[in-house]
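A quick write-up on the structure given underneath.
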Protein chains: 2
Amino acid sequence: MEPLAAERRTQGVQRGGRAARVVASVVAATAAELTRVGYGALRIEEVARRAGVNKTTVYRRWPTKAELVCAAARALLGEMVAPDTGSLRGDLIAYLWRAAQRARDPKLQGLLVTLNSRLDPELEALVQDLRNRARQMRVDLVRRGIERGELPRGTDPELVAEIVSAPILHRVLHLGEDVDEAHVAAVVDLVLAGAAACAVRPT
Amino acid sequence: MEPLAAERRTQGVQRGGRAARVVASVVAATAAELTRVGYGALRIEEVARRAGVNKTTVYRRWPTKAELVCAAARALLGEMVAPDTGSLRGDLIAYLWRAAQRARDPKLQGLLVTLNSRLDPELEALVQDLRNRARQMRVDLVRRGIERGELPRGTDPELVAEIVSAPILHRVLHLGEDVDEAHVAAVVDLVLAGAAACAVRPT
DNA sequence: TGTTAACGCAACTATAAGTTGCGTTTTTGT
DNA sequence: ACAAAAACGCAACTTATAGTTGCGTTAACA
């Protein structure tokens, strides 16, 4: 029984060989071109030229534009590791600041804009998965803070996680504006104060 | 001195005549096609077919895809009127609930996704303008609440406006998820409680 | 009612997408 | 080391869509 083509495409690439070099350069070129011209105007031939390979090579490994962009996203968007500073306030500031930093990385700019643009149903599944992981990490941070007694029992961790992260994510992902660490801290402090005073109950 | 072509394109169309009908049907078809296939795959010829006109008619009035989408956005995205319920809490809930409702309108779906996707620099100016107006309206609501004494003096109205609106806008515009009125109220209540307890000073 | 602007239609050019066949190079397995 | 298999480069090709042009026709307005 031979391995499926889909597996060979993304995993079965030999480490360090020619194939690995091709994949790496095409992925980098895809991200660069996405930043330069965006998804709609992304031309496979130009990606190939920029990567120093023939366009048939790109077409054979990634038959569609969506698969190419998915591969680039998987390769360049590594998992975030959960912070653990000892306090909820520190964890939230650390997490949101790192998330903001990453979102401002010029190399990831076009890729993130593309993923947030609902351009292809095939990209949506990947985006959903990435978002769910990140969201779960945020909720877990808040839940841990509640268990530590930093917020009242009965506080809804999902609501707090959403309210504290949305202002930062909305700025950097949606508006494309920058944030500084003081702003992150101001948001976290206001929301934590609200949660402490409010004690919203999960429905 | 004859009127500029650009003015004739969007304004000088005679009321009720054939031209007005053409503009209206093309604008509607553009929005519908944006919802169906998105900006990247938007084909002028298909818009024309759907609008019941010839493609040359569309090309003559709107030479580029971006101008066509801009015109559709201007025609379909009317100004929001500021709420005035007497209380800051009521104003914020009313504003955010209406904004969420509008963002969920199926006819506007594709248009809003397009405007949020940074697909064309020509669209960005329009988007910036729309966003700035909306943002200013939210800040004014909060500022009025502070002047009424509903929040402490020294509260930063821009920070509060951002934190209270981002969770809702992030959900409906960025994530494409739905919100109910109870959720809007929960967000507003938590943020107002935080602002009351925090009294962040503008820098 | 005549003048003008807008529209419909058909044909055209140009560009990009995507495919195929074949020879060459690299990797892999023994 | 050497044969088999996989991946790559190259050139040529088909197809599809974008966008333009010229000309005859229709509808609005004074």
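Please read all numbers here as calculations on a predicted model, not as lab measurements. Throughout, a chain's letter reflects where its sequence line sits, starting with A, and its residues are numbered from 1.
Straight-line distance from the CG atom of B/L42 to the P atom of D/dG19: 11 Å, rounded to whole Å. Distance CD (A/E45) to C1' (D/dA11): 12 Å, rounded to an integer number of Å. What separates OH of B/Y59 from P of D/dG22 is a distance of 18 Å, to the nearest Å. Here D/dG9 presents its P atom at 10 Å from CZ of A/R61, a figure rounded to the nearest Å. Summarising the geometry, the separation between CZ on B/R21 and C1' on C/dC7 is reported as 12 Å, rounded to the nearest angstrom. Atom-to-atom, CG of A/N54 to P of C/dG23 comes out at 17 Å; the value is rounded to the nearest Å. Distance, A/E46 CD to C/dA17 C1': 14 Å, rounded to whole Å. Atom NZ of B/K55 and atom C1' of C/dA10 are 10 Å apart (whole Å).
A/D91 approaches A/P83 most closely through the heavy-atom pair O-CG, 3.5 Å.
In terms of phosphate contacts, B/R43 brings no side-chain nitrogen or oxygen within less than 4.0 Å of OP1 or OP2 of D/dA16. For D/dG9, one of the phosphate oxygens OP1 or OP2 lies less than 4.0 angstrom from a side-chain nitrogen or oxygen of A/T57.
Each of C/dC7, C/dT20, D/dT20 was ranked by its minimum atom distance to the side chain of A/T56; first place goes to C/dT20. Checked against D/dT17, C/dA6, D/dT20, the side chain of B/R18 finds its nearest nucleotide in C/dA6.
One can find a donor-acceptor pair under 3.5 Å joining the base of C/dG8 and the side-chain atoms of B/R60.
If you take CG on B/L88 and CD on B/E147, they are separated by 11.5 Å, rounding to the nearest 0.5 Å.
A salt bridge does not link A/D105 to A/R102: none of the charged nitrogens lies less than 4.0 Å from a carboxylate oxygen.
At least one donor-acceptor pair closer than 3.5 Å links the side chain of A/R104 to the backbone N or O of A/G176.
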